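Heads up: the structure comes next, in structure tokens.
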Amino acid sequence: MVSKLKRGFSVMVAVVFLSFVLASCAGPKEEKKEGQKPESYKIGVILSLSGPGSPLGIPERNALELLAEEINEQGGIDGIKVELLIEDDQTDPAKASQAARKLIEKDKVIALIGSSVSPCSLAIKEVVQNYGIPWMCPAAANAITEGDVKWVFRTAPKDAVAVETLLRYLSENTDFKRIAILHDSNAFGQSGADEIKKRSAEFNLEVVAVEKYETNAPDLTSQLTKLKQANPDCLIVWGTNPGPAIALKGMKQIGFNVPYFGSHGIANMKFIELAGKDADGVIFPAGKILVAEQLEEGDPVKKVMLEFIKKYEEKFKEKPVTFAAHAYDALKILVDALKRAGTAEPEKLRDTIEQTKDYIGLDGTMSYSSQDHDGIGVDDMVVVKIENGKWVRIK
Amino acid sequence: MSETLIQLVLSGIVLGSIYGLIGIGFSTVHSSTGAINFAQGEFAVIGAFLCITLVGAGLPFFLSSLLSPLVLTAIVVLIFVFFLRRVAGDPLYLVVATIALSLIMRTIALHLWGREPLGISSAFEGKMLKILDGTLTYDQLLVIASASFLYMVLFLIFSKTFTGRAMKAVVEEREIAMASGLNPVFYQGLSFALGAFIGAFSGCILSPIAMLSYFSGGLLGLKGFASAVLAGLEEPQKVIFGGIALGIVESFAVLLVPSGYKDMVALILLLLVLTLKPEGILSKNRKRMA
């Protein structure tokens, strides 16, 4: 008797579950008639909200939510609200690819934004090419805008732009000829180092030694000792925290006293906090927003940047980092294009994004064209020096 | 040139002492359970973070680097009593349980201390010591000194004391040990406590050097494990030498092999030892590996 009751109960549970599943499958069918306006524009967002990429992903999410809220408060896009569907890829390319498929197939998003780091973004690129929907990318690797870029639009400065900014500074403002490179073995470090090697001759510079290290290496003195042996005029360190700070310590220890140049990967307070006093004198390329207060009054981006910084600080009680700017611009450009196109039809929307001209954003003044899907150019980056623990724009 | 060589040796010894300190924990736990504790790297990371928090609260560095291991040891003992104890008799279950533990500790570290790497300033105001033509910072000297000190302490514990011999006996001759009245679970708990203390202490003295982040435990654990395997896993004190061997090989790899292959060297060494001399290069007696 008891067992019968039990069986009856479990059958019931199964039926309840099944009906839930069926109900969610059937769902309220949204049959859109031609010409009828959708209730909202669904935009898929894939960011690294956990894992090693999360220092980028969290501020990116903050900026996107801030902007979406603002747009919707002002009535949306011609009365249609913007709806962000945010997925966490856990800094894992496989998860990023999965999320992209899910957002496109199941949620029927009209466009994608993401992801925070380059490997995840490259995984999304493959999916986007298959399905054919517009994709705004806030990550840096050169490869993102190489090959077939029909659906790809980038808002971050690609590695090549940051490298060019730094190398140009070295050739125009210093007498250094022989450079040594120390870089992280991750995608960011490798891509930067390759670019420096490729472009150095153009700027009359010679790469005399290259060493790399694992992202979490506890000590870099062996690599630095080897680099010191090559007797370079200066050292370029291309990596994200904490490697560049550990390198500074190691240089001081072994008496490797040459000027230190960094990447935009250290354009954050964390680097100054980790390196302490040793950080003074370090020079690196960065987006203008890092030194927004120090831009010339005539620079059209200054006002936009200062306004954003104020709003962001009010809401999140911290200074926005450059990654927040990349995500903000991605959504802003997409929304502007939706306004102009008046439709979310993929081909039409893509063409409209491509026609973006002189958009004044947080990363600089951006334009796309059929040849150029990188909004940011060398003019949009500045060279920054750390003095007494503060960023100072130089040149 | 000699300047380069000396600095590479010194850097190798520093790296090696770090690896060795982490590796000791593997070996200690292995000695009484026959299992590999995959949370060993996380012990170091959480130890370091606790220490940084205590220093931030105004305590002196040296006091913090003793308090933090005590706190972590207490936590690990509790975890052992409530959870790990149940699977401590079976190395396979225990390994899986420690993998789970490592993931949990990593997630907790992420939530308590955030995503960014943490570091503290030098415990010795950045003072350095010139040795021949090379340089070591006092912070690095502390790591080397601690490794040497632990070598001696562990040597005494495992070869001279009853407790040390009992810790090994409960896994090597389980039935005989139990028949003579030893409680395996007690000694296994003790070895976890010892592993946690040493792991957390290593993390503490590493924090002025390495700037760890919540996921640093993976790399540290791998290198520590390699050191322990090199030394044969049987005698915890020897792991220091396994570590230093690995550190020096890695350091010289920078000089000898193309850049970037440095990290492969450790893994190749690990594979070679595991296939050719699984009892470890420092082990005298040929014995099966668990």
Side-chain angles (χ1 to χ4, degrees), chain A residues 48-59 91 181-185 189-190 193 209-230 240-250 252-256 268-271 273-278 321, chain B residues 1 3-12 14-15 18-19 22 41 45 107 110 114-122 126 128 130 133-137 139-140 143 206 208-220 222-223 247-248 250-255 258-263:
Chain A
S48 304
L49 299 176
S50 53
S54 50
L56 288 66
I58 307 268
T91 326
I181 307 172
L182 176 68
H183 68 92
D184 197 320
S185 56
Q190 190 65 52
V210 183
E211 285 295 327
K212 60 177 159 185
Y213 60 87
E214 295 154 284
T215 304
N216 280 319
D219 183 275
L220 299 175
T221 46
S222 343
Q223 286 94 330
L224 290 165
T225 305
K226 173 91 182 289
L227 292 172
K228 186 185 177 191
Q229 214 189 347
T240 40
N241 291 324
I246 295 176
L248 261 180
K249 248 185 213 189
K252 199 171 161 196
Q253 178 191 339
I254 65 166
F256 185 18
N268 44 58
M269 278 316 288
K270 193 73 204 180
F271 173 74
E273 185 195 316
L274 289 174
K277 277 198 295 291
D278 298 341
V321 290
Chain B
M1 188 64 198
E3 188 191 339
T4 306
L5 290 181
I6 288 164
Q7 187 61 50
L8 284 180
V9 172
L10 292 178
S11 299
V14 172
L15 263 182
I18 296 172
Y19 297 162
I22 307 287
V45 169
T107 313
L110 168 67
R115 313 171 297 267
E116 300 268 13
L118 295 177
I120 45 173
S121 49
S122 164
M128 291 177 214
K130 212 134 180 73
D133 284 328
T135 326
L136 285 179
T137 64
D139 297 298
Q140 292 170 332
V143 171
L206 204 54
I209 301 177
M211 307 173 194
L212 303 175
S213 56
Y214 75 96
F215 60 97
S216 297
L219 183 73
L220 283 178
L222 176 70
K223 296 292 169 70
I248 290 182
E250 270 197 8
S251 185
F252 273 88
V254 171
L255 199 65
S259 159
Y261 290 96
K262 169 175 171 282
D263 306 314

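Quantities reported herein were computed from a predicted structural model and do not represent experimental measurements. Within every chain, numbering begins at 1; the chains are lettered A, B, ... in the order of the sequence lines, protein sequences first and strands thereafter.
Per-residue counts of heavy-atom pairs under 4.5 Å with chain A were compared for B:S251, B:G218, B:S11, B:S121; the largest is that of B:S11. Your options are A:Q190, A:E273, A:K277, A:K252, and the one with the most heavy-atom pairs under 4.5 Å with chain B is A:K252. When each of A:L274, A:T215, A:I254, A:D219 is checked for heavy-atom pairs under 4.5 Å with chain B, A:L274 comes out on top. Residue with the most contacts toward chain A among B:K130, B:R115, B:E250: B:R115 (heavy-atom pairs, distance under 4.5 Å).
Of all heavy-atom pairs spanning A:L227 and A:A209, the tightest one is CD2-CB, 3.6 Å. Scanning both residues, A:G51 and A:S54, for their nearest heavy atoms gives O-OG, 2.7 Å.
Residues B:L220 and B:I18 meet the side-chain proximity criterion, which asks for heavy atoms closer than 4.5 Å.
With a 4.5 Å cut-off on non-hydrogen atoms, A:A245 touches chain B through its backbone and its side chain both. Heavy atoms of B:I209 lying under 4.5 Å from chain A belong to its backbone as well as its side chain. In this structure, the portions of A:T221 lying under 4.5 Å from any heavy atom of chain B include both its backbone and its side chain. Interface residue B:Y214: only side-chain heavy atoms are found under 4.5 Å from chain A. Of the two parts of A:I58, only the side chain, counted from C-beta on, holds a non-hydrogen atom closer than 4.5 Å to a non-hydrogen atom of chain B. At a 4.5 Å heavy-atom cutoff, the contact between B:M211 and chain A is made by backbone and side-chain atoms alike.
Electrostatic pairing of A:K270 and B:E116 does not count as a salt bridge here, judged by no charged N lying under 4.0 Å from a carboxylate O.
A:E214 is linked by a salt bridge (Lys or Arg N to Asp or Glu O under 4.0 Å) to B:K223, counting only residues two or more places apart in sequence or in another chain. Every residue meeting the side chain to side chain contact (heavy atoms under 4.5 Å, CB included) condition with B:L10, not counting sequence neighbours, appears here in chain and number order: B:I6, B:Q7, B:I131, B:L136.
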Output, in order, the C-alpha distance, side-chain angles, deciding distance and verdict of side-chain contact (heavy atoms from CB on, under 4.5 Å) for B:V9 and B:F252.
CA-CA 8 Å; B:V9 172; B:F252 273 88; 3.7 Å; yes

